[in-house]
Every structure is written in C-alpha cells, then in structure tokens.
2 protein chains.
Amino acid sequence: MNESFKALSDPTRRKIIRLLRDKNMTAGEIAEHFNMKKPSISHHLNSLKHAKLVLDERQGQHIVYSLNTTVVQEVFGWFLEMIDSKKEEDKDEK
Amino acid sequence: MNESFKALSDPTRRKIIRLLRDKNMTAGEIAEHFNMKKPSISHHLNSLKHAKLVLDERQGQHIVYSLNTTVVQEVFGWFLEMIDSKKEEDKDEK
DNA sequence: TTAGTATTTAGATAATTATCTAAATATAGA
DNA sequence: TCTATATTTAGATAATTATCTAAATACTAA
C-alpha cells in the first residue's frame with residue numbers, strides 16, 4: 001500500500017487516475033491531456049503500474065491502460081479507517 | 001489537496017495520523033513510537049501541519065497534536081469520487 | 001538568573017523523484 | 001526488408017525529500 005500512496009502523491013498521476021476512471025486509454029491518448037513529453041508520461045504510468053493502481057494491455061501497436069479499482073478501494077479503506085472508526089468511538093460514548 | 005497527498009506519501013507520517021486518530025499526543029509521545037531522532041519527527045509533523053492534516057497547540061512546555069479530520073475527509077472524498085461515480089455509471093447501465 | 005525539559009530550526013548529506021533528450025523496442029503494413 | 005507509428009528505456013539534471021547532528025527557542029521551577 002505504500003507504493004499506492006507514493007504513486008498518488010503526484011498531481012500528474014492523480015489526473016491520470018481520474019482520466020482512467022472514465023474510460024480506458026492508450027498511452028498516447030493519456031499523453032494528449034498533458035503538456036509533457038511522452039517519456040515522462042511513460043515514467044508516470046510506470047509508477048502507477050508498479051503500484052498496481054493501473055493495468056496495461058498491449059493491443060497491437062497500442063498499450064491500453066485501465067484503472068485497477070481494487071487497489072484504489074484498498075487505499076480508500078485506509079481513509080475509511082481513519083475516519084469511520086473515529087465516528088464509531090463517538091457513537092459509543094453517546 | 002496536493003499537500004495532503006504529498007504528506008501522506010510517507011509511511012512515518014501515515015503512522016502519525018493513525019496514532020492521532022486514537023488520541024491527541026505531544027510531539028514527545030509521538031516520537032516514542034518511532035526509532036528516529038526527535039528533529040526528524042519534528043520535520044514530519046511540520047509536513048503534516050503544512051498540509052493541515054494535523055493541528056498543534058502549545059500547552060506549557062508541551063505541544064499537543066491532533067488530527068484534522070476535516071482535511072482527511074476531503075482526501076477521502078477524492079477516493080469516493082474515483083470509486084463511487086464509477087459504481088453509479090455501472091448502475092445506470094443496468 | 002540558572003538549570004532542566006520539550007521541541008523546533010538550521011545545515012549537511014544521501015536518496016529519491018520528475019522532466020527532458022536520445023535511443024531502443026514493439027507492432028503493422030507495403 | 002524498409003518505413004511508419006506507438007511506446008518504452010536509458011541517461012542526465014535539477015529539485016525535492018528523509019535522517020542525522022548541532023544549535024536555538026520556549027516553557028517551568030528553583
């Protein structure tokens with residue numbers, strides 16, 4: 001999970017996640033949303049891949065990236081723990 | 001919100017958040033949970049403070065740190081958006 | 001005022017990270 | 001095989017980050 005937190009620390013990568021939330025995309029399509037050279041996008045995608053936040057699949061000349069919602073949900077769960085259990089404590093006290 | 005994501009990218013800082021979830025603590029109390037020199041803890045606390053994830057209050061010789069759940073919830077909301085709206089789309093299609 | 005304790009700040013250092021350029025690799029079609 | 005396109009890898013570089021040591025600051029009590 002540390003890798004996920006690290007990957008999400010960068011705004012470019014968060015935007016990539018947001019893009020892939022809506023639909024799967026090729027590396028080139030993703031790159032079009034940024035004013036950045038493609039190797040840099042590759043580097044970011046590699047980071048997200050390493051954290052398993054995205055999955056990649058080659059389709060001929062293209063590589064299609066998709067969001068791995070399972071891992072996003074894991075990180076989500078961490079926040080839930082930080083917020084939710086605190087609410088439960090409050091309830092118990094009342 | 002970028003500051004929050006950055007702050008949370010470090011495991012030491014995430015552990016601090018987890019500690020403060022349970023109860024407010026002084027810098028010294030927090031430091032006891034880590035095998036690290038106090039200036040380093042200070043550095044981490046400063047990062048969390050800068051991101052507004054924690055709040056500090058001097059009480060005599062001590063500085064007490066508390067979790068700022070509002071900001072934690074903001075970040076939580078980001079994940080909700082990544083997960084939740086995707087679920088809604090699925091529902092609409094069914 | 002001095003001494004003790006809590007905590008931070010400053011500075012150094014090594015490691016990590018984000019972007020670029022150049023080159024390499026993978027796929028497809030002629 | 002050559003050419004074109006998509007994408008990644010490699011290397012350089014500047015910026016950022018995490019830990020340490022030394023020093024400074026803040027508060028308390030004698």
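This one's a predicted model, so the numbers in the text were calculated from it and none came from an experiment. Chain naming here is simple, since letters A, B, ... match the order of the sequence lines and numbering starts at 1 in each. When reading the values below, keep in mind they use all heavy atoms of this one structure, side chains included, and skip hydrogens, waters and symmetry mates.
For B:Thr12, the side chain to side chain contact (heavy atoms under 4.5 Å, CB included) criterion is met by B:Asp10, B:Ile16, B:Phe34, B:Met36, B:His44, not counting sequence neighbours. By the side-chain hydrogen bond (donor to acceptor under 3.5 Å, both in side chains) test, B:Asn2 pairs with A:Arg14, sequence neighbours left out. For A:Phe76, the ring pair (Phe, Tyr, Trp, His ring centres under 6.0 Å) partners two or more places apart in sequence, or in a different chain, are B:Phe76. Taking the side chain to side chain contact (heavy atoms under 4.5 Å, CB included) definition, one finds that B:Glu29 meets it with B:Lys23, B:Met25, B:Thr26, sequence neighbours left out. Looking at residues two or more places apart in sequence or on another chain, you find a side-chain hydrogen bond (donor to acceptor under 3.5 Å, both in side chains) between B:Asp56 and B:Lys49. For the salt bridge (Lys or Arg N to Asp or Glu O under 4.0 Å) test, no residue two or more places apart in sequence or in another chain qualifies with A:Lys15. Listed by chain and number, the residues in a side-chain hydrogen bond (donor to acceptor under 3.5 Å, both in side chains) with A:Ser47 are A:Arg13 (sequence neighbours excluded).
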(message) I need a per-nucleotide contact map over nucleotides 23-30 of chain C, read 5' to 3'. Cutoff is protein heavy atoms under 4.0 Å; write B for the base, S for backbone only, - otherwise.
(response) ---SBS--

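Residue pairs meeting the salt bridge (charged side-chain N to carboxylate O under 4.0 Å, His left out) criterion with at least one partner in residues 57-77 of chain A, sequence neighbours excluded, are absent. The list of salt bridge (charged side-chain N to carboxylate O under 4.0 Å, His left out) pairs with a residue in residues 31-46 of chain B, not counting sequence neighbours, is empty.
Contacts between residues 28-37 of chain A and DNA chain C, defined by a heavy-atom separation under 4.0 Å, are made by A:Met36, A:Lys37. Interface residues of residues 6-13 of chain A facing DNA chain C, ordered by number: A:Lys6, A:Asp10, A:Arg13; criterion, heavy-atom separation under 4.0 Å.
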